[in-house]
Amino acid sequence: MRNSSRSKVDPFIVMDVMEAARKAEEQGRHIIHMEVGQPSTGAPEAARRALADALERDAMGYTVALGLPALRQRIARLYGEWYNVDLNPERVVITPGSSGAFILSFTSLFDSGDRVGIGAPGYPSYRQILSALGMQPVDIQTAPEHRLQPVADDIRNQNLAGLMVASPANPTGTMLDKPALAALMEAAHSEGASFISDEIYHGIEYEAKAVTALEISDDAYVINSFSKYFSMTGWRVGWMVAPEDHIRTIERIAQNMFICAPHASQVAALAAMDCGEELQANLAVYAKNRALMLEGLPKAGFTKIAPPDGAFYVYADVSDLTDDSRSFAAEVLENAGVAVTPGLDFDPVRGATTLRFSYARSTADIEEGLARLKTFMEARA
């Protein structure tokens, strides 16, 4: 049997790095994981307890395609608590992780062959999902002076059907303030492009609150997830907010593609939303780790970095050290026992000279990882 042309997507390199790290651990080595973008903590305690209780009294069958009504209502209330946005729960769609939301939004908004703009560097699966769906991802090469975020002029006259923006961004952790986000949304509207805002790292901010696109306009798709701030990566539950007149279209697609997000995960997610004290304690760990990274990476020799506003990544320009970030990352893993992600995942054009460091693990791991990186770089000099 033949494979389709649209199945020829690139691998997610960080997953290959994780596999190499796993093999090293199988051989008895202790690896510090700075490659993977997931919290080292599990789901909040009350979320686990709520699911255990529910399992005793519920068969956990299908939910309706749009998700448990109680969870949709609670998410709508979150927008009032975090952003002072009055959100109709009918506009909230529960999805199988943010990945399910990307598939639903791209399928709902775009036709085969449509050009969709994504910032580079950016989350690689945007590009691969668009390609697998027969759409054309258009990398927008962002500039350091714009903190590696797209600006309005970048998207003019590009014949885009859509624009995907993330704030805080992966891999950089940089954020768009309200005027910058509003300018991008207005530019997209003037170009006839649908606007999608990836807000999966909201809640993980350090000096200023992230801005949701819904503070500016209802004419956008907003995507979020329980994976990052709520520390529930493997549970595969997320959500999206769409204009009211798009919900029935999204519902029909969701019914056929997914039936529903995992029922058990939705139960746990609902309880997780009221675990603020535990979640803020996780955030305090990220804040401490961020400070350690911003001090320790330059001491180790990684000097071309910008402080992240949110998420739990530092993106480093290593052009003074290598022009092959994949080989360099393999060298770091082999000789330092630290797993890091080559920038090629995020930017096919400039990623050969960049690395992403994640600081989502425990503070002890971050301290050990930085010490190992410093020793490795001194020996390499």
Side-chain angles (χ1 to χ4, degrees), residues 14 34-35 37 82-83 98 117-127 139-155 163-185 187-188 195-213 215-216 220 222-225 227-229 283 286-287 289-295 297-298 302-319 325 340-351 353-360:
V14 69
M34 289 185 172
E35 85 282 24
W82 280 12
Y83 314 104
S98 63
I118 52 177
Y123 181 55
S125 293
Y126 301 152
R127 185 182 307 108
D139 281 336
I140 297 169
Q141 293 297 315
T142 60
E145 58 267 29
H146 299 139
R147 308 190 70 253
L148 298 178
Q149 288 278 6
V151 295
D153 285 345
D154 293 334
I155 66 171
L163 175 66
M164 182 85 170
V165 171
S167 173
N170 176 10
T172 63
T174 61
M175 296 195 314
L176 293 161
D177 61 19
K178 194 169 186 177
L181 183 58
L184 267 178
M185 294 178 73
F195 190 89
I196 306 173
S197 180
D198 180 355
E199 301 180 359
I200 189 173
Y201 292 99
H202 278 220
I204 306 177
E205 310 111 347
Y206 303 105
E207 295 172 7
K209 181 67 186 162
V211 178
T212 177
E215 293 179 61
I216 298 164
V222 168
I223 293 172
N224 209 321
S225 169
S227 290
K228 308 302 182 179
Y229 176 73
L283 180 59
Y286 303 147
N289 291 353
R290 173 180 180 262
L292 288 169
M293 294 289 277
L294 294 179
E295 178 184 3
L297 284 175
F302 301 97
T303 57
K304 299 178 181 179
I305 60 176
D309 303 313
F312 32 57
Y313 307 115
V314 176
Y315 199 58
D317 178 345
V318 292
S319 56
S325 59
V340 299
T341 304
L344 287 167
D345 245 352
F346 313 104
D347 188 341
V349 175
R350 299 172 295 179
T353 56
T354 57
L355 291 176
R356 187 192 74 176
F357 299 85
S358 171
Y359 53 88

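The model shown is predicted, which means the values in this text are computed figures rather than measured ones.
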Could you go through V211 and D177, starting from their C-alpha distance and side-chain angles, then the distance that decides it, and tell me whether this counts as side chain to side chain contact (heavy atoms under 4.5 Å, CB included)? CA-CA 7 Å; V211 178; D177 61 19; 5.5 Å; no
Apply the test side chain to side chain contact (heavy atoms under 4.5 Å, CB included) to residues V340 and F302: give CA-CA distance (whole Å), side-chain angles for both, the deciding distance (0.1 Å), then the verdict. CA-CA 13 Å; V340 299; F302 301 97; over 6 Å; no
Take Y229 and H202 through the test side chain to side chain contact (heavy atoms under 4.5 Å, CB included) and record every step on the way to the result. CA-CA 7 Å; Y229 176 73; H202 278 220; over 6 Å; no
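A donor-acceptor contact shorter than 3.5 Å links the side chain of D345 to the backbone of V14. The backbone N or O of G351 lies less than 3.5 Å from a partner atom in the side chain of S325, making a donor-acceptor pair. Between the side chain of Q149 and the backbone N or O of A166 there is at least one donor-acceptor pair closer than 3.5 Å. Remark: the backbone N or O of A120 is paired with a side-chain donor or acceptor of T142 at under 3.5 angstrom. Between the K178 side chain and the I216 main chain, no donor and acceptor come within less than 3.5 Å of each other. Between the side chain of Y206 and the main chain of A311, a donor-acceptor pair closer than 3.5 Å is present. A donor-acceptor pair under 3.5 Å is absent between the side-chain atoms of S358 and the main chain of E35, judged by distance alone. At least one donor-acceptor pair under 3.5 Å links the side chain of E215 to the backbone N or O of T212. Although no hydrogens or angles enter the test, the distance criterion places no donor-acceptor pair under 3.5 Å between the side chain of E199 and the main chain of V222. With hydrogens and angles disregarded, no donor-acceptor distance shorter than 3.5 Å links the side chain of R147 to the backbone of T172.
Scanning all heavy atoms of the two residues, the minimum distance from P150 to G119 falls at CG-CA, 4.4 Å. Looking at every heavy atom in both residues, L283 comes nearest to I204 through CD1-CA, 3.8 Å. Across all their heavy atoms, Y359 and G310 have their closest contact at OH-O, 4.4 Å.
The CG atom of D309 sits 4.5 Å away from atom CE of M175, with the distance rounded to the nearest 0.5 Å. Taking CZ from R350 and CG from D139, the interatomic distance works out to 9.5 Å, rounded to the nearest 0.5 Å. To the nearest 0.5 Å, atoms CG (D198) and OG (S98) are separated by 6.0 Å. Atoms CG and CG, from L292 and L297 in turn, are 10.0 Å apart once rounded to the nearest 0.5 Å. L294 contributes atom CG, which lies 5.5 Å from atom CD1 of I305 (distance to the nearest 0.5 angstrom). To the nearest 0.5 Å, atoms CG (L176) and CE (M185) are separated by 11.0 Å.
Taking F346 as the reference, nothing meets the ring pair (Phe, Tyr, Trp, His ring centres under 6.0 Å) condition, with sequence neighbours excluded. For the ring pair (Phe, Tyr, Trp, His ring centres under 6.0 Å) test, residues two or more places apart in sequence or in another chain that qualify with Y201 are F312, Y313. In this structure, the side chain to side chain donor-acceptor pair (under 3.5 Å) partners of E205, at least two apart in sequence or on a different chain, are K209.
Residue-environment remark: CD (E145) exceeds the threshold of 12 foreign heavy atoms within 6.0 Å.
Put simply, the side chain of L184 reaches to within 4.5 Å of the side chain of F195, judged on heavy atoms.
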